[in-house]
Undergrad: 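Quick one: structure below, then a few questions.
Along the sequence shown, residues are numbered consecutively beginning with 1. What you see below is based on every heavy atom in this structure, not just the backbone, and it leaves out hydrogens, waters and symmetry mates.
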Amino acid sequence: MFTLSSLKRLATVGVVASVLGAAGLASPAFSQTKLRLAVETNAGDPLNIMLANFRDALAKSAGSGVAIEFFEGGALGDETALMELIRAGEVQVVPLGSDVVTLDKGFSVLDTPFLFADKASARAAFDGKFGELLGASLREKAGLEVLAFGELGFRTISTTNKQINVPADLKGLKIRTPGSPTRILAFKTLGAAPTPMPLGEVYMALKQGALDGQENPLSVIKDFSFFEVQKFIALTNHVYTPITLAMNGAAYDALTAEMKAKLKEAAKAGAAATRKVSDDSDARLVDEFKSKGVTVTTPDLAAFRAAAEPVKGEIAKVVGPDLMAKLEASLK
């Protein structure tokens, strides 16, 4: 016979199980974690590569302990829509590019021109204290857990009708940028007319002349076929863009310690895959673009660094003095 106290205990267990089930996660008795993964790009793009490799590594390590739904090609919307879905808990894991700054102004530090000298120093920073600080900031500001930082790579500038060798060459050009206010600020400082636009709309805008150019890593220029409608690429390497593999914080917190560890390890595998692709593509894409009639140049980077110097102080104001000081200290 059940006593009143035992019935209350059963009711409490039922409530806990219901909450776990509503979160798409499992109680120990059911031992299966349900995850919805989504990305706006198709197979071959770095964001997609990171999420797909994370999925495969997690499926291998967790086995039947995880049930994964995978949505790609913008099936659930573009990156802006996915940021809303992950915060609402409708999806659990999303790889984010430059637009992560709209969730946390602390990521504006990444718009600081020439913040990293090379890939090695950038990777070490994101795998170390610098990445930890940004991860803690995103958790506080947006309720998202950073699983790992992958790599989009250093950004270059492509243009339709004008070769870019010095900052003055950008004057008045309509250059597509992400929506980050500090990225827009940087290109205004360099004399361009930055034009925020969803990535999926850029090809047609370039083709029709609504844009004069855009800025992205070489791999993105390839994956979105921008080289078909651009005559020039300048290897400015002005900004390094990571891929932030983020998870809904509440969903992450509901996991067991063992499952959390498996997610983090799988995320590292995804990050490693993007870094390999970045190295491989950078090594071959310059020649590939040249073979297709695109002029690829290395501009006067010293001139660009000097012209962009005023941007640093403005970005520090956006990031906030306390976080900016900690981030700068972590890079020394």
Side-chain angles (χ1 to χ4, degrees), residues 39-42 44-50 74 78-80 95-102 107 110-116 119 122 149-160 162-164 169-170 173-180 182-184 186-187 190 192-207 210-244 274-275 277-286 288-290 292 294-299 301 304 308:
V39 61
E40 75 166 319
T41 58
N42 295 309
D45 175 81
L47 290 164
N48 193 300
I49 288 170
M50 181 152 194
D78 61 16
E79 189 164 303
T80 300
L96 302 172
S98 293
D99 287 341
V100 68
V101 73
T102 63
F107 279 72
L110 303 182
D111 288 332
T112 305
F114 309 105
L115 183 63
F116 300 108
K119 285 183 178 180
F149 288 103
E151 182 169 290
L152 273 171
F154 280 106
R155 303 177 83 90
T156 63
I157 300 173
S158 70
T159 46
T160 308
K162 188 175 183 180
Q163 189 173 133
I164 306 300
D169 294 331
L170 286 171
L173 293 186
K174 291 175 288 185
I175 302 294
R176 181 269 173 184
T177 67
S180 168
T182 41
R183 187 77 56 81
I184 293 169
F187 273 85
L190 292 172
T195 307
M197 182 181 294
L199 195 56
E201 299 175 13
V202 175
Y203 181 93
M204 191 56 65
L206 291 169
K207 185 175 183 179
L211 291 173
D212 298 309
Q214 62 83 53
E215 53 95 42
N216 258 305
L218 294 177
S219 59
V220 177
I221 294 174
K222 167 66 175 178
D223 294 332
F224 283 82
S225 301
F226 295 153
F227 63 89
E228 295 178 353
V229 288
Q230 300 281 263
K231 294 180 181 178
F232 306 101
I233 295 175
L235 302 178
T236 48
N237 292 345
H238 52 281
V239 164
Y240 174 91
T241 301
I243 299 171
T244 304
T274 63
R275 291 172 179 179
V277 167
S278 176
D279 288 342
D280 292 345
S281 63
D282 283 357
R284 62 178 171 78
L285 284 179
V286 169
E288 182 176 332
F289 291 147
K290 287 180 178 179
K292 296 181 182 299
V294 179
T295 299
V296 182
T297 60
T298 300
L301 296 185
F304 273 91

Undergrad: With E215, which residues qualify under salt bridge (charged side-chain N to carboxylate O under 4.0 Å, His left out), at least two apart?
TA: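 Expected list: R155, R183.
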Undergrad: Evaluate the criterion side-chain contact (heavy atoms from CB on, under 4.5 Å) for residue pair R176 and L206; output intermediate values, then yes/no.
TA: CA-CA 9 Å; R176 181 269 173 184; L206 291 169; over 6 Å; no
Undergrad: Among residues at least two apart in sequence or on other chains, which ones pass side-chain hydrogen bond (donor to acceptor under 3.5 Å, both in side chains) with Q214?
TA: S158, N216
Undergrad: Only counting residues at least two apart or in another chain, list the ones meeting side chain to side chain contact (heavy atoms under 4.5 Å, CB included) with K207.
TA: Y203, M204, V229
Undergrad: Among all residues two or more places apart in sequence or in another chain, which pass the side-chain hydrogen bond (donor to acceptor under 3.5 Å, both in side chains) test with D212?
TA: none
Undergrad: Nearest heavy-atom pair of T177 and P194: which atoms, and what distance?
TA: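 Distance-wise, the nearest heavy atoms are CG2-CB, 3.9 Å.
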Undergrad: Which heavy atom of P95 sits nearest to which heavy atom of I243, and what is that distance?
TA: CB-CG2, 3.8 Å
Undergrad: What's the spacing between T295 OG1 and Q163 CD if we round to 0.5 Å?
TA: 6.0 Å
Undergrad: Quick one: OG1 on T241 to CG on D111, what's the gap to the nearest 0.5 Å?
TA: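 These two atoms lie 7.5 Å from each other.
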Undergrad: Any side-chain to backbone donor/acceptor pair from N237 onto F154? Under 3.5 Å, distance only.
TA: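 No, the answer is negative, given that no donor and acceptor are paired below the 3.5 Å cut-off.
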Undergrad: Please set out all donor-acceptor pairs under 3.5 angstrom arising from side-chain atoms of residues 218-227, sequence neighbours excluded.
TA:
{"residue": "K222", "atom": "NZ", "partner": "E288", "partner atom": "OE2", "Å": "2.5"}

Undergrad: Quick one: CD1 on I164 to OG1 on T159, what's the gap to the nearest 0.5 Å?
TA: 4.5 Å
Undergrad: Mind checking ring pair (Phe, Tyr, Trp, His ring centres under 6.0 Å) for F304 and listing every partner two or more places apart, or none if nothing turns up?
TA: none
Undergrad: Scan D99, T41, V39 and name whichever one has a side-chain contact (heavy atoms from CB on, under 4.5 Å) with E79.
TA: D99
Undergrad: Under the rule for side-chain hydrogen bond (donor to acceptor under 3.5 Å, both in side chains), what residues qualify as partners of S278, not counting sequence neighbours?
TA: K119, E151
Undergrad: Can you see which heavy atom on S180 is nearest to which on V101, and at what distance?
TA: CB-CG1, 3.3 Å
Undergrad: For the atom pair CG (L170) and NZ (K162), what is the distance rounded to the nearest 0.5 Å?
TA: 8.0 Å
Undergrad: Under the rule for ring pair (Phe, Tyr, Trp, His ring centres under 6.0 Å), what residues qualify as partners of F149, not counting sequence neighbours?
TA: F126
Undergrad: Quick one: pull up OG1 in T195 and CG in L173 and give me the separation to the nearest 0.5 Å.
TA: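 Interatomic distance, T195 OG1 to L173 CG, rounded to 0.5 Å: 10.0 Å.
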Undergrad: According to side-chain hydrogen bond (donor to acceptor under 3.5 Å, both in side chains), who are the partners of T156, at least two apart in sequence or on a separate chain?
TA: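 Applying side-chain hydrogen bond (donor to acceptor under 3.5 Å, both in side chains) to T156 gives none.
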Undergrad: Applying side chain to side chain contact (heavy atoms under 4.5 Å, CB included), can you list everything that pairs with P198, at least two apart in sequence or on another chain?
TA: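 Result, side chain to side chain contact (heavy atoms under 4.5 Å, CB included) vs P198: E201.
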Undergrad: Of all residues at least two apart in sequence or in a different chain, which pass the side chain to side chain contact (heavy atoms under 4.5 Å, CB included) check with D280?
TA: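 Side chain to side chain contact (heavy atoms under 4.5 Å, CB included) check on D280 returns K276.
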Undergrad: Name all residues meeting the side chain to side chain contact (heavy atoms under 4.5 Å, CB included) criterion together with A122; count only those two or more places apart in sequence or in a different chain, and write none if there are none.
TA: F116, Y240
